[in-house]
Amino acid sequence: MMDSHKQLFFLSFLPLLLLLLSGHMGLQLTEAHLQRHEMNYPPKMLLVFGDSYVDTGNTRIDQAGSWKNPYGVTFPGKPAGRFSDGRVLTDFIAKYLGIKSPVPYKFRKLMLKQLKSGMNFAYGGTGVFDTSSKNPNMTIQIDFLKQLIKEHVYTTSDLNNSVAYVSVAGNDYNFYLATNGSIEGFPSFIASVVNQTATNLLHIQRLGVRKIVVGGLQPLGCLPSSTALSSFQQCNSTFNDLIGLHNKLLNQAVTKLNQKSKDNSTFIVLDLFDTFMSVLNHPSTNNIKDPLKPCCVGLSSQDFCGSVDERNVKQYKVCDSPKSAFFWDLLHPTQAGWHAVYNKLQTTTSALRRLRY
């Protein structure tokens, strides 16, 4: 995810970048072109790859965020490795499939009885390529699964009756900007991120997974780190327009993968952009107030949610009602926010329904 300083840098070059991307914007949804193919029975396992939008405990305890107070205050009541006050997208997808939320890879040897529900390989701060995070990128995450297959933790039958969810939420772009990537080269870098994502999806399929779902990029211009400039009152529409190239190329890549697949609906795109926007544009429907304002913020520009000083005194404040906020911190939704997204996905798209077929 992008920190506020890099986003300010990025936003200053948006007019130029928009010119570079002219003619390449727009979303192309693939759902109308995908045919359903019913499985013998509903999937029994969920495998998760990606970043902080789906990480449920893999990130190290000594890293900022998910293992620090007040993260986890809503669920389970204490920090537990989720970048939110409670449940994240992984938990809701597992709920939809009727299985337990998959075990974080880090705890696989401590929770053997729960391995049958799948495994979560996602680490906060990571991307399809290496980022500033020292956590394993997505290729390495997939290698973790390969090793478990070699160790006979999961069988061919297990994989054939599983669903994989892949989250690519923007960390690669943050790192590109942080390492002085050129604005002129940004469109080609977006293409390389999508190409690597498609390669990862194919690798997962070749391991035997029947259904692979990848999240489209959410509206980065609506994250509190972007809307702080407007006192959390307005999304940066110019920034959001840029997300169109990533999502357009992702949809095109998934269409090509399905055309080459024996099953024409193996790969599915979860449209997080439109879903986020729908919830944010109609907050009262989900009992959300101040939809762009984060619930947990630092007391100063140098502080962030979870910050403490040298005396271990907290340097952040939390809103009175996290369940009325969409965003938890500068980058991540609350449990209520994710729940609203999940509800919208159930009622407005066929992507979730197709996980069962």
Side-chain angles (χ1 to χ4, degrees), residues 27-34 36 39 42-43 46-56 75 82-84 86-102 118 120 122 162-170 197 201 210-220 222-223 235 240 243-244 246-248 250-251 254-255 258 265-288 291 323 325-328 331-357:
L27 294 173
Q28 290 188 348
L29 300 179
T30 64
E31 291 184 1
H33 304 289
L34 299 181
R36 293 187 180 183
M39 299 174 70
L46 175 61
L47 304 168
V48 182
F49 306 88
D51 44 49
S52 60
Y53 268 31
V54 289
D55 184 358
T56 55
F75 172 85
R82 289 169 172 82
F83 288 82
S84 182
R87 296 173 178 84
V88 295
L89 185 57
T90 300
D91 303 298
F92 289 106
I93 292 177
K95 175 185 177 182
Y96 184 78
L97 295 175
I99 59 178
K100 292 183 178 180
S101 196
N120 189 336
S162 65
V163 168
Y165 184 79
V166 176
S167 175
V168 182
T197 300
L201 299 179
R210 284 285 297 273
K211 290 281 185 180
I212 300 106
V213 187
V214 58
L217 200 56
Q218 74 280 7
L220 297 180
C222 293
L223 301 184
C235 294
N240 279 346
I243 309 308
H246 174 100
N247 287 332
K248 174 186 176 182
L250 179 64
N251 277 283
V254 165
T255 297
N258 278 319
S265 61
T266 297
F267 303 95
I268 302 168
V269 176
L270 202 62
D271 185 359
L272 293 182
F273 187 96
D274 284 351
T275 306
F276 268 56
M277 292 305 301
S278 180
V279 174
L280 293 173
N281 287 332
H282 304 92
S284 60
T285 303
N286 298 281
N287 298 314
I288 290 174
K323 66 181 180 181
F326 182 84
F327 286 108
W328 169 243
L331 300 170
H332 307 96
T334 58
Q335 173 176 295
W338 278 125
H339 190 222
V341 168
Y342 168 66
N343 285 340
K344 184 60 64 173
L345 285 169
Q346 287 191 87
T347 59
T348 61
T349 75
S350 63
L352 284 181
R353 291 194 297 275
R354 285 184 291 153
L355 298 186
R356 293 174 172 169
Y357 293 90

For this session: Can you sort out the partners of Asn281 under side-chain contact (heavy atoms from CB on, under 4.5 Å), two or more places apart, ordered by chain and number?
Result: Met277
Using a 3.5 Å cut-off and no angle test, enumerate the donor-acceptor pairs between side-chain atoms of residues 88-95 and protein atoms at least two apart in sequence or in another chain.
residue	atom	partner	partner atom	Å
Thr90	OG1	Val54	O	2.8
Asp91	OD1	Arg82	NH2	2.8
Asp91	OD1	Ser101	OG	2.7
Asp91	OD2	Arg82	NE	2.9
Asp91	OD2	Val88	N	2.8

Seminar exercise, completed: So NE2 of His339 and OG1 of Thr334: to nearest 0.5 Å the spacing works out to 11.0 Å
Exercise. With a 4.5 Å limit on heavy-atom distance, are the side chains of Lys211 and Pro43 in contact?
Worked result: no
Exercise. Between Ala351 and Leu270, which heavy-atom pair has the shortest distance, and what is it?
Worked result: CB-CD1, 3.5 Å
Seminar exercise, completed: When rounded to the nearest 0.5 Å, the distance separating CZ of Phe267 from CG of Asn251 is 14.0 Å
Seminar exercise, completed: Residues at least two apart in sequence or cross-chain that pass ring-ring contact (aromatic ring centres under 6.0 Å, His included) with Phe49, listed by chain then number, are Phe121
Problem set entry | Tyr342 side, atom OH; Leu352 side, atom CG - distance, nearest 0.5 Å | 7.0 Å
Problem set entry | Check: Gln218 side chain, Ala169 main-chain N or O, donor-acceptor pair, under 3.5 Å | yes
Exercise. In Å and rounded to the nearest 0.5 Å, what is the CG to CG distance from Asp274 to Asn247?
Worked result: 8.5 Å
Problem set entry | Rounded distance [0.5 Å steps], CG in Leu280 versus CZ in Phe327 | 5.5 Å
Exercise. Side chains of Leu355 and Tyr165: does their closest heavy-atom pair fall under 4.5 Å?
Worked result: no
For this session: Can you sort out the partners of Ala340 under side-chain contact (heavy atoms from CB on, under 4.5 Å), two or more places apart, ordered by chain and number?
Result: Val279, Asn286, Ile288
Exercise. Which residues satisfy the side-chain contact (heavy atoms from CB on, under 4.5 Å) test with Pro333, sequence neighbours excluded?
Worked result: Tyr53, Phe276, Phe326, Trp338
Problem set entry | Qualifying residue, where the test is side chain to side chain contact (heavy atoms under 4.5 Å, CB included) with Ile212 and the options are Leu201, Val254, Leu47, Val163 | Leu201
Problem set entry | Pro102 to Leu46 - nearest heavy-atom pair and separation | CB-O, 3.5 Å
Seminar exercise, completed: Residues at least two apart in sequence or cross-chain that pass side-chain contact (heavy atoms from CB on, under 4.5 Å) with Thr275, listed by chain then number, are Val341, Lys344, Leu345
Seminar exercise, completed: Distance col, row Gln335:CD vs Lys323:NZ, nearest 0.5 angstrom, shows 11.5 Å
For this session: Output yes when a side-chain donor or acceptor of Asn258 lies under 3.5 Å from a complementary backbone atom of Thr266, and no otherwise.
Result: yes
Exercise. Should Leu331 and Ser52 be marked as a side-chain contact (heavy atoms from CB on, under 4.5 Å) after you check the CA-CA gap, both sets of side-chain angles, and the distance that decides it?
Worked result: CA-CA 9 Å; Leu331 300 170; Ser52 60; over 6 Å; no
